[in-house]
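Take a look at the structure below.
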Amino acid sequence: MTSKTERLLSLLNGQPVIPVLKIANVADAVPLARALSRGGLRAIEITLRTADALEAIRRVAAEVEDAVVGAGTILDAKQFDEAAAAGSKFIVSPGITSQLLDAAKGSPVPLLPGAITPGEIMAAREAGLRFLKFFPAEQSGGIASLKAFASPLGDVKFCPTGGITARNAADYLSLPNVICVGGSWVAPDDLIKAGKWDEVEALAREASKLAK
Ligand SMILES: O=C(O)C(=O)C[C@H](O)[C@H](O)COP(=O)(O)O
């Protein structure tokens with residue numbers, strides 16, 4: 001374990017599921033983060049896939065004390081810096097580039113980059129990272145691939161994301177090299193749009209009970 005990995009793991013604090021959020025309307029950010037937090041999912045990933053994402057991160061960081069807000073879909077160093085400046089406690093990327101690794105090296109905010117191949121995992125390892133996102137998980141061999149990594153790349157742990165749902169999350173979490181999973185199923189677009197925060201809270205509560 002390197003110190004950066006330890007810092008990231010301590011932020012996630014054993015949470016089995018990281019909600020991956022797409023916030024179309026910035027007014028939804030705070031009530032959504034509160035609902036997830038009430039349901040036991042304090043660490044959340046707000047993806048930079050909408051125009052309001054950075055403002056959503058700012059608001060959650062400022063207004064939702066219980067939340068540990070991270071930024072997702074970070075593709076380059078500029079976005080890394082903007083997301084960190086907005087108050088992100090951690091940064092998630094679908095992949096890994098040397099520019100991103102450089103940005104993370106110069107920042108106290110830990111990076112969870114995506115990796116799929118042994119070469120990508122080894123590049124992240126060389127940069128001192130021992131905890132990676134495995135994305136897109138289901139489309140990239142899923143559980144079978146993660147099992148195959150366990151022996152040759154045994155000191156690296158994963159947060160599989162992409163295609164994970166309430167149906168298969170427990171199977172991923174049962175793997176020794178999986179620490180948590182990421183997914184959007186706990187905060188579906190239709191519930192956010194309708195402001196059904198109690199239903200989001202119920203989905204979060206169910207997810208937070210999954211054993212790791
Ligand atoms: O934007 C990113 O950085 C991503 O990582 C993509 C998300 O992880 C997936 O969109 C979540 O996948 P689903 O749970 O299958 O919806």
Side-chain angles (χ1 to χ4, degrees), residues 8 11-12 15-24 28-29 32-33 35-36 39 41 43-54 56-57 60 68-84 86 88-97 99-101 103-104 109-117 120-121 124 129 131-143 145-146 157-173 175 178-193 199-200 203-204 206-208 210 212:
L8 180 52
L11 283 171
L12 301 181
Q15 189 175 305
V17 176
I18 312 299
V20 178
L21 308 176
K22 199 176 90 198
I23 296 181
D28 293 333
L32 175 58
L36 291 164
L41 301 181
I44 60 175
E45 173 189 335
I46 296 181
T47 59
L48 258 67
R49 277 189 262 158
T50 61
D52 282 345
L54 285 174
I57 290 168
V60 172
V68 178
V69 62
T73 326
I74 298 297
L75 303 181
D76 54 38
K78 180 170 173 279
Q79 289 183 340
F80 185 108
D81 292 342
E82 286 170 349
S88 305
K89 304 284 188 300
F90 61 97
I91 303 279
V92 187
S93 170
I96 182 165
T97 70
Q99 211 190 91
L100 263 182
L101 288 173
V109 181
L111 173 67
L112 178 65
I116 278 296
T117 65
E120 289 167 349
I121 295 165
L129 304 175
F131 177 43
L132 305 173
K133 170 168 165 162
F134 180 63
F135 174 78
E138 276 288 278
Q139 297 85 343
S140 307
I143 286 173
S145 289
L146 287 160
K157 309 286 183 212
F158 296 93
C159 175
T161 306
I164 317 265
T165 65
R167 190 179 38 80
N168 58 8
D171 293 336
Y172 276 93
L173 287 164
L175 300 176
V178 168
I179 286 185
C180 58
V181 298
S184 61
W185 87 90
V186 286
D189 285 345
D190 56 333
L191 294 189
I192 296 176
K193 206 164 171 211
E199 290 185 36
V200 172
L203 286 174
E206 219 173 286
S208 70
L210 287 165
K212 181 52 225 177

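Note that these values count all heavy atoms, side chains included, but never hydrogens, waters or copies made by symmetry. When a ligand or atom number is given, it counts from 1 through the structure's own listing order.
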Subject >> side chain to side chain contact (heavy atoms under 4.5 Å, CB included) between Phe134 and Val178, intermediate numbers included >> reply: CA-CA 9 Å; Phe134 180 63; Val178 168; over 6 Å; no

Original post:
What pairs of residues pass the salt bridge (Lys or Arg N to Asp or Glu O under 4.0 Å) test when at least one of them lies in residues 158-169, not counting sequence neighbours?
Top reply: none

Given 3.5 Å as the limit, does a donor-acceptor pair link the side chain of [X] with the main chain of [Y], or not?
X      : Y      : answer
Thr47  : Leu21  : yes
Ser93  : Ile96  : no
Asn168 : Thr165 : yes

Original post:
Can you check whether Ile57 reaches Glu82 side chain to side chain, under 4.5 Å on heavy atoms?
Top reply: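 Heavy-atom side-chain distance check fails, nothing below 4.5 Å.
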
List, for ligand 1, each N/O atom that has a protein N/O partner under 3.5 Å away, with both atom names and the distance.
residue, atom, partner, partner atom, Å
ligand 1, 1 (O), Arg49, NE, 3.2
ligand 1, 1 (O), Arg49, NH2, 3.2
ligand 1, 1 (O), Thr73, OG1, 2.5
ligand 1, 3 (O), Thr73, N, 3.0
ligand 1, 3 (O), Thr73, OG1, 3.2
ligand 1, 5 (O), Lys133, NZ, 2.0
ligand 1, 8 (O), Lys133, NZ, 3.4
ligand 1, 10 (O), Arg49, NH2, 3.3
ligand 1, 14 (O), Ser184, N, 2.9
ligand 1, 14 (O), Ser184, OG, 3.2
ligand 1, 15 (O), Gly163, N, 2.8
ligand 1, 16 (O), Ser184, OG, 2.6

